[in-house]
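Let me begin by presenting the structure, written as structure tokens, before commenting on it.
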Number of protein chains: 2
Amino acid sequence: MFYGEYEHAIDKKGRLIIPSKFRDVLKDKFVDSFMVTRGYEKCLFVFPPDQWQAYEQSLRALSPHKADPRALSRMFYGGAQQCLCDRQGRINIPKILLDYASINKEVTIIGVSTRFEIWDRGRWNKYREAEEKTLEERAEKIGEIRIE
Amino acid sequence: MFYGEYEHAIDKKGRLIIPSKFRDVLKDKFVDSFMVTRGYEKCLFVFPPDQWQAYEQSLRALSPHKADPRALSRMFYGGAQQCLCDRQGRINIPKILLDYASINKEVTIIGVSTRFEIWDRGRWNKYREAEEKTLEERAEKIGEIRIE
DNA sequence: AAGGAAGTGGGGAAAAGTGGGGGAAAATCT
DNA sequence: AGATTTTCCCCCACTTTTCCCCACTTCCTT
């Protein structure tokens, strides 16, 4: 569904272009907005409406009687914002989310299957470099990934 | 499916010729693009669409709530690009993937069963020489190879 | 030696990305 | 409640990138 890596910038008016390949996903569904929320490693998660629902469902399944899932739900639900695309395919991201992800201007957008992620470019580069080095180790740990 | 070793070069516009033997695979399926992504040992993996789907299926199962699987899906999905073949059978490989595989110009393309791989020629030669020496050791370690 | 298939280079059109002005709606103040 | 300010979104114009096609060369085959 979503894949690839794109470098974009937030303009002076606070707008961010969504890569056109990602926007195409919305076209098929006759909707024009994404759900943006807090993500892991201080990036932002972005879902199309149907995938957001699936993600929501997985959160709702977590027990409200335990502290950990409760905190998670607060972070994800509380951070969630519906962002409309303008005619040029740009969205406005609320300041509170930009702060969370320490995004100033230069961002990198990464497609990750059912969602995509928005990173401050500097932080992403650091993360990527570290992960590239340990890719094989991580894969060995998980073990069940088969490439065939 | 894919086998053999080919030496090609990336031209000034960043295009790489896919060996015609490999392109023939697409013809049978009436499609005209490959999926290219980060691979192990810093080479690039290339899949025809149906094989990519099989590969993706195993990735999709990875949980977004655990660090190891999260990192892997970011690497594989984030690195993935659908590369269209032009009339001459060339694809454009994004710069980010070339950097990952430290590819400048001279590359070696290796068929590996359901996928093929793109290597920087220098790195491939080194890798091949080392592996040729320890082929038997590796086989012993795996142990369960059957040839029938 | 000729013909065809594979490899190579470059030009041009179309699409994606970028920036800014203006007007409507919403929020705020008096 | 009305007036003023602010915000947000649409549109237009421009730049950059992508990709698609055509022409030429080289190599292999017959």
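Bear in mind that the values here come from a model prediction, so they are computed numbers and not experimental data.
- Residues satisfying the salt bridge (Lys or Arg N to Asp or Glu O under 4.0 Å) test with B:R60, not counting sequence neighbours, are B:E56.
- Under the 6.0 Å cut-off for aromatic ring centres, A:F47 and A:F116 do not qualify, their centroids lying 6.0 Å or more apart.
- Among residues two or more places apart in sequence or in another chain, the salt bridge (Lys or Arg N to Asp or Glu O under 4.0 Å) test is passed with A:R23 by none.
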Nucleic acid footprint by protein, nucleotides 21-30 of chain D - heavy-atom cut-off 4.0 Å, B for base, S for sugar-phosphate alone:
BBB-------
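- Put simply, A:I17 and A:W119 are part of two different groups of oily side chains (I, L, V, M, F, W, Y) that touch within less than 4.5 Å, one to the next.
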Polar atoms only, N or O, under 3.5 Å: list the protein pairs with nucleotides 17-19 of chain D and their distances.
none

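- Among residue pairs with one or both ends in residues 44-53 of chain B, those qualifying as salt bridge (Lys or Arg N to Asp or Glu O under 4.0 Å) are B:K29-B:D50; sequence neighbours excluded.
- Annotation: salt bridge (Lys or Arg N to Asp or Glu O under 4.0 Å) contacts of A:K12 (sequence neighbours excluded): none.
- Applying the 6.0 Å contact sphere to NZ of A:K21 captures no more than 12 heavy atoms from other residues, nucleotides or ligands.
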Under 3.5 Å donor-acceptor pairs involving side-chain atoms of residues 68-76 of chain B, not counting sequence neighbours:
from, atom 1, to, atom 2, distance (Å)
B:D68, OD1, A:R138, NH1, 2.2
B:D68, OD2, A:K141, NZ, 3.4
B:R70, NE, A:E41, OE1, 2.9
B:R70, NH1, B:P64, O, 3.1
B:R70, NH2, A:E41, OE1, 3.3
B:R70, NH2, A:E41, OE2, 2.8
B:S73, OG, B:P69, O, 2.8
B:S73, OG, B:R70, O, 3.3
B:R74, NE, A:E117, OE1, 2.6
B:R74, NE, A:E117, OE2, 3.2
B:R74, NH1, A:E41, OE1, 2.8
B:R74, NH1, A:Y127, OH, 2.9
B:R74, NH2, A:E41, OE1, 3.3
B:R74, NH2, A:E117, OE1, 3.4
B:R74, NH2, A:E117, OE2, 3.2

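- Taking every nucleotide of DNA chain C with any atom under 4.0 Å from a non-hydrogen atom of chain A, the first and last of them, 5' to 3', are C:dA16 to C:dG22.
- Five base pairs at each end of the helix from C:dA1-D:dT30 to C:dT30-D:dA1 define two local axes, and these are offset by 30° (rounded to 10°).
- Scored by the salt bridge (Lys or Arg N to Asp or Glu O under 4.0 Å) test, B:R123 finds no partners at all (sequence neighbours excluded).
- Listed for the B:K42 side chain is a donor-acceptor partner under 3.5 Å among the backbone atoms of A:E132.
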Only pairs under 3.5 Å count here: list side-chain donor-acceptor contacts from residues 96-104 of chain A, not counting sequence neighbours, and write none if there are none.
from, atom 1, to, atom 2, distance (Å)
A:D99, OD2, A:K95, NZ, 3.1
A:Y100, OH, A:G39, O, 2.7

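- Considering only residues two or more places apart in sequence or on other chains, A:K133 meets the side chain to side chain contact (heavy atoms under 4.5 Å, CB included) condition with none of them.
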